[in-house]
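Here's the structure, in structure tokens; my notes come after.
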There are 2 protein chains.
Amino acid sequence: MCVTNTDGRMTLADDAPSTEYEDTCKRAGEEHGRAIRTVLDRIGDKWSLLVIGALQHGTLRFTELQRHVPGVSQRMLTLTVRQLERDGLVTRTVHAEVPPRVEYRLTAVGETLIEPSLALAQWAIEHYPAIERAREAFDGS
Amino acid sequence: MCVTNTDGRMTLADDAPSTEYEDTCKRAGEEHGRAIRTVLDRIGDKWSLLVIGALQHGTLRFTELQRHVPGVSQRMLTLTVRQLERDGLVTRTVHAEVPPRVEYRLTAVGETLIEPSLALAQWAIEHYPAIERAREAFDGS
DNA sequence: CCGAATCCAATCGGATACTG
DNA sequence: CAGTATCCGATTGGATTCGG
């Protein structure tokens, strides 16, 4: 897994043959692979990206968050925000009141994730029709 | 799930209160939600993005592809390229030879996925250390 | 060389019920 | 309100074996 190649181009996966330089790149790239894998495991799950998106305009409480992410169960929302909190992408603030009030908010790091996620979302919207057509053609033949 | 808001800003999830306009946006946005979900289900899996990355510089045969994506099993590589083929992101060309030769290549649509994926990969590499630190801090406390 | 088929463990995620 | 706990079906993905 190399991200910066010998020619300076960016790559997502490793092309490396077995030259010494490439091997160095490969070893360094293994770290990159873990980074990409880790991030993909987070944003690739069913709800994280939607939660990030729901929080992009400000603070939300648990129930509000649940309304903004249609279809998420209480359990999965809890697990998802815990993961995001653990990864330092979301802060969780508990106010000592009755009834309890818990507020979720993106951290600075969490906010930087919005831009690339949005790029992906735009790609999805733009190419979804083509994908649907491709599937029908593939399944039909 | 709204992507373009009333104020023109982009969003990943739906903020919509129940005005008529927002409801229209919401209904239209449900389509966007399916698009994003669909694409996330594809690139969010364990291997698709790595395969796309491996193919970004040209054509590869099955075994080459497997070498370029370290850790992938034969089974998963087969399933992954089939999905990508079905979605019209990759072409699969079988040459009638012995031994058989099968070549995989990105389609035009597949190539457009590289840019946003790379943006995400760069984010991953840049913020992975912060995520690791956040996790240690979270787990330690 | 390029797969398909089978088996199986682990994880994911929904439903439901209960709590401070 | 904001969770936690438990159960359970569905999905994921690795290992292995067989075939054209």
Side-chain angles (χ1 to χ4, degrees), chain A residues 13 33-34 36-52 54-55 59-87 90-105 138-139 141, chain B residues 13 33-34 36-52 54-55 59-87 90-105 135 138 141:
Chain A
R34 298 220 350 271
I36 295 175
R37 187 71 278 130
T38 302
V39 171
L40 234 47
D41 285 345
R42 177 70 42 254
I43 72 101
D45 72 10
K46 204 168 178 180
W47 303 112
S48 292
L49 198 54
L50 286 320
V51 169
I52 300 271
L55 288 174
T59 300
L60 290 177
R61 320 179 39 167
F62 187 85
T63 312
E64 292 173 326
L65 201 44
Q66 195 168 17
R67 275 201 308 275
H68 284 283
V69 182
V72 69
S73 66
Q74 204 171 34
R75 167 186 147 89
M76 288 316 296
L77 184 56
T78 301
L79 291 178
T80 301
V81 292
R82 282 292 184 287
Q83 294 291 325
L84 293 173
E85 185 194 5
R86 175 170 182 260
D87 288 351
V90 159
T91 59
R92 176 171 173 272
T93 311
V94 183
H95 299 268
E97 306 171 358
V98 276
R101 180 164 55 99
V102 181
E103 293 188 322
Y104 294 93
R105 184 194 180 95
F138 187 90
D139 295 345
S141 63
Chain B
R34 301 221 345 273
I36 294 173
R37 195 54 292 125
T38 302
V39 170
L40 234 48
D41 286 344
R42 176 71 43 252
I43 72 101
D45 72 9
K46 205 169 180 182
W47 303 110
S48 291
L49 199 54
L50 286 310
V51 170
I52 299 271
L55 287 174
T59 301
L60 290 177
R61 329 183 26 171
F62 187 85
T63 312
E64 291 173 327
L65 200 46
Q66 193 168 16
R67 276 201 307 274
H68 284 284
V69 182
V72 69
S73 65
Q74 207 171 33
R75 168 187 148 87
M76 288 315 297
L77 184 56
T78 301
L79 290 178
T80 301
V81 292
R82 280 295 183 285
Q83 293 292 324
L84 293 174
E85 185 193 6
R86 175 171 183 258
D87 289 352
V90 159
T91 58
R92 176 171 172 273
T93 310
V94 183
H95 298 267
E97 305 171 359
V98 276
R101 180 165 54 99
V102 182
E103 293 189 323
Y104 294 93
R105 184 195 181 96
R135 287 185 179 181
F138 187 91
S141 65

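Note that these values count all heavy atoms, side chains included, but never hydrogens, waters or copies made by symmetry. Proteins come first, then strands; the chains are lettered A, B, ... in the order of their sequence lines, and each starts at number 1.
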Any residue meeting side-chain hydrogen bond (donor to acceptor under 3.5 Å, both in side chains) with Glu85(B), in chain and number order, not counting sequence neighbours: none
State which residues pass side-chain hydrogen bond (donor to acceptor under 3.5 Å, both in side chains) with Arg135(B); sequence neighbours excluded, sorted by chain then number. Asp87(A)
OP1, OP2 of dC1(C) versus side-chain N and O of Tyr104(B): anything below 4.0 Å? no
Please name all residues satisfying salt bridge (charged side-chain N to carboxylate O under 4.0 Å, His left out) with Arg37(A), sequence neighbours left out, ordered by chain then number. Asp41(A)
Only pairs under 3.5 Å count here: list side-chain donor-acceptor contacts from residues 69-81 of chain B, not counting sequence neighbours, and write none if there are none.
residue  : atom : partner  : partner atom : Å
Ser73(B) : OG   : Met76(B) : N            : 3.2
Thr78(B) : OG1  : Gln74(B) : O            : 2.9
Thr80(B) : OG1  : Met76(B) : O            : 2.6

Report for the helix from dC1(C)-dG20(D) to dG20(C)-dC1(D): angle between first-end and last-end helix axes, five pairs each, rounded to 10 degrees. 40°
What string of B, S and - do you get for nucleotides 4-20 of chain C 5' to 3' if you count protein non-hydrogen atoms under 4.0 Å? B-B------BBB----B
Applying side-chain hydrogen bond (donor to acceptor under 3.5 Å, both in side chains), name anything that partners Gln66(A), two or more places apart in sequence or on another chain. none
Contacted region of DNA chain D by chain A, from 5' end to 3' end of the hits, cut-off under 4.0 Å to heavy atoms, spans dC1(D) to dT6(D)
Applying side chain to side chain contact (heavy atoms under 4.5 Å, CB included) to Arg105(B) and not counting sequence neighbours gives Thr59(B), Thr91(B)
Apply side chain to side chain contact (heavy atoms under 4.5 Å, CB included) to Val94(B) and list each qualifying residue two or more places apart in sequence or on a separate chain. Arg92(B), Val102(B)
Those residues at least two apart in sequence (or on a different chain) that pass salt bridge (charged side-chain N to carboxylate O under 4.0 Å, His left out) with Glu64(B) are none
Tell me the closest heavy-atom pair linking Ile43(A) and Leu40(B), and the distance in Å. O-CD2, 3.9 Å
What pairs with Arg61(B) under salt bridge (charged side-chain N to carboxylate O under 4.0 Å, His left out), at least two apart in sequence or on another chain? none
Rounded off to whole Å, could you give me the CG-to-C1' distance for the Leu65(B) and dC2(C) pair? 12 Å
